[in-house]
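Every chain is numbered from 1, with letters handed out A, B, ... down the list of sequences.
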Amino acid sequence: MQKYDPKKIEKKWQKYWEKNKTFEVQEDAKKDKFYSLIEFPYPSGEGLHVGHPRPFTAMDVISRKKRMEGKNVLFPIGFDAFGLPTENFAIKTGKPPAEVTKKNIANFTRQLKMLGFSFDWSRQVDTTDPNYYKWTQKLFLQFFKHGLAYKKNQPINWCPKDKIGLANEEVVNGNCERCGTPVEKRNKEQWMLAITKYADKLLDGLKNVDYIERARLQQENWIGKSEGAEVDFPLRMVPGQTDDKHFVKIFTTRPDTIFGATFLAVSPELAKSWLDIGWQASEEVKKYITQALEARTAVTAREEQEKTGISAGIVAINPVSKKEIPVWITNYVMGEVGTGAIMGVPAHDQRDFDFAKKFGLPVKQVVMQNIVVAGAAAPREGKDLVQRKVVTGIIHNPKNDTFLLLRRADKESSFVGGTIENGEDAITALRREIVEETGYTDFEIKSTSFPNFFGNGYKLRIDKNCLDFEYFYAVELKSEDRQEVSKEELAKHEPFLVPRAEVSKTITLTMHQYMWKYYTEEKPKYLIFDFDGVIGNTFEACAKAQMVIDNKSKEEAVEAMTRYFSSKPNHAKGHSLTEIEMVAKLDWTRRFGEEMAKLEYSLFSKFNKEIKNIPNTKVAIISAGSGLYIRNRIEETGLNPSHVLTFEDHHSKEEKIEQVCKDWGVSMKDVYYFTDSKADVYELEDCLDRKKIIGCAWGYCGYDLLRELLPENQVLKNPEDIHLLFADSVYENEGVAVESEFLNGLKTPEAKQKMISWLEENRIGKKQINYKLRDWVFSRQRYWGEPIPLVHCEKCSGWVPLPEDELPLKLPKVEKYQPTDNGESPLAAMEKWVKTKCPNCGGPARRETDTMPNWAGSSWYFLAYAMGGEKRLKEKGDKFWDKEMLKHWQPVDWYNGGMEHTVLHLLYSRFWNQFLYDIGMVPTPEPYAKRTSHGMILAKGGEKMSKSKGNVVNPDEMVEQFGADALRAYIMFMGPFDQAVEWDTNGLVGVKRFLDKVWNLQEKVENKITDTKIETALHQTIKKVTEDIDAMRFNTAIAKMMELVNEMSKADKISVVNYTYLVQILAPFAPHLCEELWDVLGHEKSLACESWPQFNPELIKESEVTLAVQVNGKLRDTITVAADISEEEAKRTALSSEAVKKWLEGKEPKKVIYVKGKLVSVVV
RNA sequence: GCCGAAGUGGCGGAAUUGGUAGACGCACACGACUCAAAAUCGUGCGGAGAAAUCCAUGAGAGUUCGAUUCUCUCCUUCGGCACCA
């Protein structure tokens, strides 16, 4: 026997395959077709590096196996030869790209043949061949004729170094993808392909194909379909506009949060367009718009840009809540996205929140987190749902830093609290619960800035699912005074104190865990719920939400307050109100309340009582104290207060009110009483109707304090809210009813839908779909590409396509390949070529000088293969296109390519195919039935291989040293096919040894021998290799064959049959070696057409199996038993093992588990 | 920020309807052959321990007789998109 000599063998079989046309394929109706495709390479001057063959080898293995399985396999190859490197080389050296390309293709061809791929070389294509690009041009004209190609002046990314317009996707972090130069923006007339018209088709098509998850997701993400609503926000106070009929149209994907819109944000682009139609903005605003637009053109990394903005001095109306909100112009809203304007919902969008915080705009929470309990308390199907309000107190004993919990009889522990009963408010309920359940009487319920949320779970006691609105408060014990707790309560649960560190471990309820998390978290980041939730009670949520804004320093707060008070109170409309809301934090409110009260008192004496009826014959009285301030605010809303109590009335309010009512002739129960004082509420609730005591949260007491005593709809946050109080019809119809009832308790998806319907019914907005996908910039101002076959004719007033018989429009020879300084392609400098006749009218016309992008030729190459490639292109000329041939081969059964092409190339070629399907040129809407991707091969150290880094491993050297088969097998063995791996030449040694062993096995082959052990291993290997190739798990397929070969090597003799099988299943990986061995074994025909071996299920079964024996889950012994052993027998054998006996320590096993063929597990 | 994937020996990596963690390969160590080296063949190779045994799959909890695999929380890395409203 000779030594294994890859050099000799490989050349021999490559010649054989070529001579016998082993892999050339004909359409054959009798056989199943299989079209396997790899991305055709770009023939660079550097040749192949070891990364290239990975996808080629993989698909070669699959193709060879399919061939052996009897399929008629089309596995073509070609070259995507238009490209920048060749062009840049031409600019540098003056060498014509066509010549260079020819040379490069020759080198690539040599290298590819050297690796023994089973390509059908007869169908080769080259995108730069005029016979080929004639059809690329024809197809482009189809787009043009169907109105899908159009020219548009638009800002493009311009690389000043490459002098080329770049598609968005070629810009990486503001830099040119190719050379790293910072990209500028320029306006340029560009040919565009209207891929956006195919957005839905491209999205839907993904449902019918088998793409790897990542590829599908990336396609979906790139198309970026989002459903939402377009909503009109009416504008008021627009300077320069005489009427009030102006609107801003916004797009939102979260119409359910519209109540939380506290400002309107407009892009500088949109604001500019307003200026253009006569909006008279202030100089400051104009200046900002100009600056912001300038900043846009300098393409610095966008994500680094800080949010800037300016108040436009206009007020918009939230069309649902009818509240006035300020309009801001800001750079964080993009002109080209959506409508160029958004509603700002700071509570539910991080960016809006950042902006609101920076400019002191209010935050209003309308969606609450919906926490669904898991496990035993999870909501159960088929149970009724009840909505409840629940209050919880986290009770802190500051004396020893402990917390008061309740322990139930079943050891469950929780905070103190309970359900809120009808008519009760949360604070009262909590107070009641604390006293009842714990006996503690001396405590303070502190207002908190905790977020409200919903809890969703099943309650066994009432056998219902509950949607609980969870209030929770921080409570401080003032002393340890206690009264006795009733026996019934004690039977239910018993109070106990635990130290801070123990709380989390002790409490058992999910909701309480969340509360504790919120309670202990230092920076409440959780306030921005930009995830799905439940629409909650906005008034309460709002109050809580606002607390965040004032996470400001004292100085900032003081400054804000000073600003507020120093400005005249004539700006009640619009955003100025926000400043007072900003300082709603308790102690600050208190302090300023005191200051304010002093001011009020001194002014008070100047005013005498004034009695006027407010509209709708409602009767109102305003309290003493800071009443003047409240009155002023009410007056600003256009209403007149009816009566203000004087300072002297302060201590005899009840009598004074009685007196006033007598004068008016009304009952005391009929008057509305406005106050910002808690004391008033306590004092007067006996004589007045409690429902008509209105808390004014813009005065002395903050919202939270008033809310402790009054229901939410009786605490007003803005003076404007008074309108809502007095106009019942407005209250319901204008949307506030919606706010509190319509969406309350709905989950996000339903709330969205319901809101959209509501907006549509009320003609405020409508459902709208938005896409991220932009039209494809098809032009490039470069030489090395397909000329665009259009001429511009003045007389025909536009672009005229060249007639088909004038195609191909060949790329003319030029002297210089450098684009002109003004960014035109070198073709533009060839006046002779540019000047032409109009094919339509015969008059003078000018040719388009832009060329097509690289993506054009690769958008249909798989169709060219199916129709016969280069050879047939040449032979058939205009009759090349053949739908019958396409019907035979399309769609591509399996397409493998790089992750870097799963977005653009895949999307663009799918777009072309979809279009060609629509006009009847191709038989299937989707071009590829299946798409997979390979991981990159990296140089040592995890870097990309590149010539500039000098870390390229050359396949020529590897083949020289180890042979093509070893290289192929190693590339397949390196690691999981879809993951990146580092190259390691050392690893190749192991694979070479493996092939050596296979070769050496020849010596042991004998005719008459049976070895059942090897036979079993062999059939297991056949099974595994078959399955693993189909799943692209090449590494484990080879590992399994290595195991088999190791075993065969240990045997003295092996049978011919078994060895033959091995040669067959190894053939796809190491085809040259296996052809040679196949020949040695005495076969005449090539192995490539032999059948793929089938494993015998009977032979896979082993006669003996090793069972693991576990005691309490730990391995204690293994026993070898007959494979068909009975369960009882297995258990008995296991229990009789010495090791097991030792671990049993004489005890009886509680349970013995038997898993057939795997283990016996003994539980003690 | 959003979406996706992944964390296992010195290294590349095996093992998922939950069932003996570390297959296969590299590197390393020892031995055989050799005057010697290479090649080849054999043995060993997660950590601790003399051993019994214990500990180990990013961290922590949970479910289970049993968890790399399932659930929850967190950390890290990589990939994609990005002020996309």
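- Residue-level contact check: Lys1114(A) touches the backbone only, with heavy atoms under 4.0 Å from sugar-phosphate atoms and none from bases.
- Going from atom OH of Tyr4(A) over to atom CG of Asp996(A) covers 7.5 Å, rounded to the nearest 0.5 Å.
- Of the candidate nucleotides rC26(B), rG19(B), rU20(B), rU20(B) has the atom nearest to the side chain of Ala1108(A).
- To the nearest angstrom, P of rA5(B) lies 20 Å from CE of Met936(A).
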Task: Strand RNA chain B in bracket notation, Watson-Crick/G-U under 3.5 Å with | for pairs to another chain - done: (((((((..(((......[....))).(((((.......))))).(((....)))..(((((..]....))))))))))))....
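- Relative ring orientation between Phe1034(A) and Phe1069(A) is described as perpendicular, the plane-to-plane angle rising above 60° on a 0-90° scale split at 30° and 60°.
- Among the atoms of the strands shown, base atoms are found under 4.0 Å from some heavy atom of Val333(A).
- Of all non-hydrogen atoms in Leu773(A) and Leu907(A), the two that sit nearest each other are CD1-CD2, 3.9 Å.
- Interatomic distance, CD of Glu900(A) versus CG of Leu906(A), reported as 11.5 Å (0.5 Å rounding).
- Under the 30°/60° scheme for interplanar angles, the aromatic rings of His934(A) and Phe977(A) are found to be tilted.
- Computed from coordinates, the Ile1038(A) CD1 to rC26(B) P distance equals 13 Å when rounded to whole Å.
- OP1 and OP2 of rC24(B) both lie 4.0 Å or more from every side-chain N or O belonging to Thr1036(A).
- Counting to the nearest Å, the P atom of rC54(B) and the CG atom of Leu1115(A) are 10 Å from each other.
- Each of rA85(B), rU53(B), rC24(B) was ranked by its minimum atom distance to the side chain of Trp1143(A); first place goes to rU53(B).
- Side-chain N/O atoms of Thr308(A) and Tyr288(A) include a donor and acceptor closer than 3.5 Å.
- Residue-level contact check: Thr1106(A) touches the bases, meaning some heavy atom is under 4.0 Å from a base atom.
- Nucleotides rA21(B) and rU53(B), compared at atom P, are 14 Å apart to the nearest Å.
- Along RNA chain B, the nucleotide nearest Lys1151(A) and the nucleotide nearest Val991(A) are compared for position; the residue whose nucleotide lies closer to the 5' end is Val991(A).
- The aromatic ring centres of Phe973(A) and Phe994(A) sit 6.0 Å or more apart.
- Using a 4.0 Å cut-off, no side-chain N or O of Arg1116(A) falls inside it from OP1 or OP2 of rG66(B).
- With RNA chain B read from its 5' end, the first of the two nearest nucleotides for Gln979(A) and Gly338(A) is the one closest to Gln979(A).
- If you check the side chains of Thr196(A) and Asp775(A), you find a donor sitting under 3.5 Å from an acceptor.
- Between the CZ atom of Arg993(A) and the P atom of rA39(B) there is a distance of 7 Å, given to the nearest Å.
- When the P atom of rU64(B) is taken as reference, atom CG of Asn1112(A) falls 14 Å away, rounded to whole Å.
- Atom pair Met899(A):CE and rC78(B):P shows a separation of 17 Å (rounding to whole Å applied).
- Taking the side chain as every heavy atom from C-beta outward, Arg54(A) and Val981(A) approach each other to under 4.5 Å.
- Nearest nucleotide to the Arg351(A) side chain, out of rC24(B), rC83(B), rU40(B): rC83(B).
- In this structure, Lys1131(A) places its NZ atom 15 Å from P of rC65(B), rounding to the nearest Å.
- Distance noted for atom P between rC74(B) and rA85(B): 25 Å (whole Å).
- With a glycosidic angle no further than 90° from 0, rG9(B) counts as syn.
- Between rG4(B) and Arg216(A), no contact under 4.0 Å exists linking OP1 or OP2 to a side-chain N or O.
- Within the 4.0 angstrom heavy-atom criterion, only backbone atoms of the sugar-phosphate kind lie near Lys1142(A); the bases stay farther away.
- The side chain of Gln1110(A) sits closest to rC65(B) out of rC65(B), rA85(B), rG79(B).
- No engagement by Asp996(A) is indicated, since no non-hydrogen atom pair under 4.0 Å with the nucleic acid exists.
- Both tests do not hold together for Lys992(A) against Phe962(A): distance to the six-membered ring centre under 6.0 Å, angle to the ring axis within 45°.
- If you take atom C1' in rU73(B) and the same atom in rC24(B), they sit 36 Å apart, rounded to whole Å.
- Between rC81(B), rG80(B), rG13(B), one nucleotide has an atom nearer to the side chain of Lys772(A) than all others, and that is rC81(B).
- Rounded to an integer number of Å, the gap from CG of Asn1046(A) to P of rC24(B) is 7 Å.
- Using a 4.0 Å heavy-atom cutoff across all strands shown, Phe994(A) reaches no nucleic acid atom at all.
- For rU8(B) and rC55(B), the C1' atoms lie 15 Å apart once the distance is rounded to whole Å.
- Listed by residue number, the members of residues 1157-1164 of chain A with any heavy atom below 4.0 angstrom from RNA chain B are Lys1158(A), Leu1159(A), Ser1161(A), Val1163(A).
- Rounded to whole Å, the C1' atom of rC65(B) lies 23 Å from the corresponding atom of rC72(B).
- Looking at Glu982(A), its side chain has no donor and acceptor atom pair within 3.5 Å of the base of rG12(B).
- Using a 4.0 Å heavy-atom cutoff across all strands shown, Lys997(A) reaches sugar-phosphate atoms only and no base atom.
- Taking atom C1' in both rU20(B) and rA59(B), one finds a spacing of 26 Å when rounded to whole Å.
- Among the nucleotides rG13(B), rG25(B), rC83(B), the one closest to any side-chain atom of Val981(A) is rG13(B).
- With values rounded to the nearest 0.5 angstrom, Asn331(A) atom CG is found 10.0 Å from Glu269(A) atom CD.
- Counting any heavy atom pair closer than 4.0 Å across all strands shown, Asn770(A) reaches no nucleic acid atom.
- Between the P atoms of rC54(B) and rU64(B), the separation comes to 23 Å (whole Å).
- Note on Thr1118(A): a base of the nucleic acid sits closer than 4.0 angstrom, heavy atoms only.
- For the pair Lys225(A) and Leu203(A), the minimum side-chain heavy-atom distance is below 4.5 Å.
- Contact record, Gly51(A) with Ile937(A): CA-CB, 3.9 Å, taken as the closest heavy-atom pair.
- Separating the P atom of rA52(B) from that of rC45(B) is a span of 14 Å, rounded to the nearest Å.
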